[in-house]
Structures are given as C-alpha cells and as structure tokens.
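Let me begin by presenting the structure, written as structure tokens, before commenting on it.
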Amino acid sequence: MNTVSIVTITTGLSVHADEHITNMRRLSDRAVDLADHARHGYQVASTVTVPGEEETILIDILQKVEAGA
C-alpha cells in the first residue's frame, strides 16, 4: 500500500503598493521552499489563493507518494 505525505507552504503578500520589495522577497523565499521540497520528492498538488483586506495568502499543498511494504 502506498502512503502519501502532505506538506503546506503558506506565503502572505501585502496588498499595499509600498510593500513591493517585501512581497518580492517573500515570493523568492516561497520559490526556494518549493524547490527544496521538490528535491525531496514532493510535487505541488494545488495552490489556493485567499484574498484579504490587508494581505493575500498563497497556500501551496504538496504531496509525496511513497511505495509501501
């Protein structure tokens, strides 16, 4: 039987224009996190965007299927 490991990566992005540099840094950190998980066998299963008044949240759901005994 196969087992599935699930991991989430959450990234908050400000909706304020003056936070552009901070948002770019957060997106860069997200890309590094996604690449690191990919090196360990995870794949993005889905990405959810949750808009809010002060920030937009990106939730990446990753999974890794492992063959069982």
Side-chain angles (χ1 to χ4, degrees):
M1 173 181 263
N2 292 339
T3 59
V4 178
S5 298
I6 297 174
V7 173
T8 60
I9 297 173
T10 304
T11 307
L13 301 173
S14 175
V15 298
H16 303 290
D18 61 340
E19 294 289 330
H20 176 73
I21 292 173
T22 300
N23 284 344
M24 294 306 293
R25 186 178 66 245
R26 289 177 181 171
L27 287 171
S28 176
D29 292 345
R30 173 179 173 251
V32 169
D33 287 345
L34 290 170
D36 185 50
H37 280 83
R39 280 190 293 277
H40 291 92
Y42 285 89
Q43 296 179 333
V44 175
S46 67
T47 299
V48 178
T49 303
V50 183
E53 289 184 29
E54 294 296 317
E55 69 178 356
T56 297
I57 305 294
L58 303 176
I59 304 168
D60 296 296
I61 301 144
L62 297 88
Q63 68 178 10
K64 176 169 68 169
V65 178
E66 299 180 49

message = Between T47 and I59, does the side chain to side chain contact (heavy atoms under 4.5 Å, CB included) criterion hold? Intermediate values first, please.
response = CA-CA 6 Å; T47 299; I59 304 168; over 6 Å; no

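- Salt bridge status for D29 with R26: absent, with no side-chain N to carboxylate O gap under 4.0 Å.
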inquiry  = Test side chain to side chain contact (heavy atoms under 4.5 Å, CB included) on L58 and R30; report intermediate values, then the result.
reply    = CA-CA 10 Å; L58 303 176; R30 173 179 173 251; 4.0 Å; yes

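- Legend: residues meeting side chain to side chain contact (heavy atoms under 4.5 Å, CB included) with S28, ordered by chain and number and at least two apart, are absent.
- Residues I57 and T49 form no side-chain contact, since every pair of their non-hydrogen atoms from C-beta on lies 4.5 Å or further apart.
- Taking 4.5 Å as the limit, some side-chain heavy atom of I61 sits within range of a side-chain heavy atom of I6.
- In this structure, L62 belongs to a hydrophobic cluster whose other members, linked by side-chain heavy atoms under 4.5 Å apart, are V7, I9, L34, Y42, V44.
- The NE2 atom of H37 sits 8.5 Å away from atom OG1 of T8, with the distance rounded to the nearest 0.5 Å.
- The side chain to side chain donor-acceptor pair (under 3.5 Å) pairs that include a residue from residues 12-24 are H16-E54, E19-T22, where partners are two or more places apart or lie in different chains.
- Within the 4.5 Å cutoff, the side chain of D60 has no heavy atoms near those of the D33 side chain.
- Contact of the E66 side chain with the N2 side chain is not registered, since no non-hydrogen atoms from C-beta on lie closer than 4.5 Å.
- A side-chain donor-acceptor contact under 3.5 Å links K64 to the backbone of H40.
- Taking CD from Q63 and OG1 from T3, the interatomic distance works out to 11.0 Å, rounded to the nearest 0.5 Å.
- The distance from the CG atom of L13 to the CZ atom of R25 is 11.5 Å, given to the nearest 0.5 Å.
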